[in-house]
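This report concerns only the one structure given below.
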Amino acid sequence: MAEITLKSLAHTYSAAPRCDADYAIREMDHVWHQGGAYALLGPSGCGKSTLLNIISGLLEPSSGEVLFDGEVVNALPPEERNIAQVFQFPVIYDTMTVYDNLAFPLRNVKTPEARVHERVMEVADVLELTAQLKRKAKNLTADEKQKVSMGRGLVRDDVSAILFDEPLTVIDPQLKWKLRRKLKEIHQRFAITMVYVTHDQLEASTFADKIAVMYEGQVVQFGTPRELFETPNHTFVGYFIGSPGMNFLDVEARDGSVWAGDTRLEVGRGVHATILRADSSNVRLGIRPDFIEVHDEPLEGSMEARVEHAQDLGTYSIVYLSLGGVSLKARIEEDQKTPLETAWLRFPDERLGVYVDEYRVEIDHE
Ligand SMILES: Nc1ncnc2c1ncn2[C@@H]1O[C@H](COP(=O)(O)OP(=O)(O)OP(=O)(O)O)[C@@H](O)[C@H]1O
């Protein structure tokens with residue numbers, strides 16, 4: 001078991017890096033605490049696999065340190081790090097039985113056979129592989145093979161951490177959900193640090209207590225699924241989490257008001273003051289579609305918008321709006337009336353975020 005600390009870590013695949021964009025991992029610090037269930041979430045190419053491979057020792061970082069329980073492990077090869085890694089595609093021995101595949105990591109470290117049996121049976125039970133134990137791995141379905149691969153990661157109880165690199169990619173969608181629940185159950189039962197890489201927000205939030213969102217080689221936010229949803233620290237987190245993502249409006253403060261282009265916005269004094277003091281031309285106002293108030297009549301502090309169209313998604317609708325030419329999306333629950341042509345919008349102050357150079361800033365509450 002271990003706490004994994006990444007200190008001033010950076011990695012580039014380029015022999016002569018010239019700028020930030022040449023780094024797969026831009027300099028970062030991060031701590032994965034012992035026993036946590038974490039997800040590493042981000043789009044393709046943001047550096048997730050690179051980071052996992054650095055932790056497991058498959059890749060040596062260009063600079064910085066990896067520490068397990070405070071000890072620098074940069075020089076330790078993967079086999080001495082006690083890390084189990086489960087990859088996107090199953091890594092199993094086709095000619096061996098399922099039992100021998102699961103037993104392999106234990107026999108490799110000379111575990112007594114009675115203990116091997118105990119652990120194999122326990123892991124097979126959790127993964128519902130007991131009926132397949134005597135079968136040769138090559139005769140299994142893709143799903144079953146990946147379950148064996150996961151079982152090989154879980155079977156040792158002395159590992160510092162288990163790293164999952166998009167382990168459910170090859171799994172049938174119906175089974176995916178079930179396996180994610182299983183992993184969660186396993187995490188609770190064995191209390192091992194788990195880092196689960198995915199580009200799917202649903203997968204991340206059903207598995208993890210805390211999610212690290214990666215973007216362009218950096219962890220831009222590390223928080224609970226709720227924190228990422230309610231207070232995204234970075235515009236990318238706003239876009240990436242939630243469906244649809246957060247609305248962002250380019251804004252400026254002039255003539256005593258806040259404007260998005262030529263549209264005057266109704267916002268509170270704190271938001272206005274925050275935008276006024278922002279020392280940048282890149283200032284955005286963020287609000288989730290879920291938090292925009294949509295009314296079918298004018299109310300105090302509301303802004304008139306045109307309804308472009310609405311998408312009925314069963315229990316709710318997404319309404320596409322134009323607020324003086326600025327496009328917005330709002331979510332309307334099924335028990336609420338969807339305005340047909342004109343809507344009056346309100347942005348509740350406590351739901352607004354001000355983003356300067358893509359990062360959220362504190363709102364001045366005078
Ligand atoms: N062996 C390599 N040599 C050169 N560049 C690489 C290598 N592996 C990854 N990269 C580059 O490093 C960046 C990060 O890649 P990485 O595979 O870590 O991202 P990822 O988030 O895991 O993506 P995916 O979800 O597609 O696996 C990308 O720009 C990728 O092209």
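The chain is numbered in sequence order, starting from 1. When a ligand or atom number is given, it counts from 1 through the structure's own listing order. Both backbone and side-chain heavy atoms feed into the values below; hydrogens, waters and symmetry mates do not.
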Not counting sequence neighbours, which residues clear salt bridge (Lys or Arg N to Asp or Glu O under 4.0 Å) with Lys337? List them please. Asp296

Which pairs with one or both residues in residues 324-333 pass side-chain hydrogen bond (donor to acceptor under 3.5 Å, both in side chains), sequence neighbours excluded? Arg331-Glu333

Nitrogen or oxygen contacts under 3.5 Å, ligand 1 side and protein side:
{"from": "ligand 1", "atom 1": "8 (N)", "to": "Tyr13", "atom 2": "OH", "distance (Å)": "3.4"}
{"from": "ligand 1", "atom 1": "18 (O)", "to": "Thr50", "atom 2": "N", "distance (Å)": "2.9"}
{"from": "ligand 1", "atom 1": "18 (O)", "to": "Thr50", "atom 2": "OG1", "distance (Å)": "2.5"}
{"from": "ligand 1", "atom 1": "19 (O)", "to": "Gly47", "atom 2": "N", "distance (Å)": "3.2"}
{"from": "ligand 1", "atom 1": "21 (O)", "to": "Gly45", "atom 2": "N", "distance (Å)": "3.4"}
{"from": "ligand 1", "atom 1": "21 (O)", "to": "Cys46", "atom 2": "N", "distance (Å)": "3.1"}
{"from": "ligand 1", "atom 1": "21 (O)", "to": "Gly47", "atom 2": "N", "distance (Å)": "3.1"}
{"from": "ligand 1", "atom 1": "21 (O)", "to": "Lys48", "atom 2": "N", "distance (Å)": "3.0"}
{"from": "ligand 1", "atom 1": "21 (O)", "to": "Lys48", "atom 2": "NZ", "distance (Å)": "2.9"}
{"from": "ligand 1", "atom 1": "22 (O)", "to": "Ser49", "atom 2": "N", "distance (Å)": "2.8"}
{"from": "ligand 1", "atom 1": "22 (O)", "to": "Ser49", "atom 2": "OG", "distance (Å)": "2.7"}
{"from": "ligand 1", "atom 1": "23 (O)", "to": "Gly45", "atom 2": "N", "distance (Å)": "2.8"}
{"from": "ligand 1", "atom 1": "25 (O)", "to": "Lys48", "atom 2": "NZ", "distance (Å)": "3.0"}
{"from": "ligand 1", "atom 1": "26 (O)", "to": "Ser44", "atom 2": "OG", "distance (Å)": "2.6"}

Residues which pass ring-ring contact (aromatic ring centres under 6.0 Å, His included) with Tyr320, listed by chain and number, not counting sequence neighbours: His309

Phe248 and Tyr239 aromatic centres sub-6.0 Å: yes

Using ring centroids (six-membered ring only for Trp), state whether His234 and Tyr215 fall under 6.0 Å. yes

Looking at Asp29 and Lys7, does any basic side-chain N land under 4.0 Å from a carboxylate oxygen? no

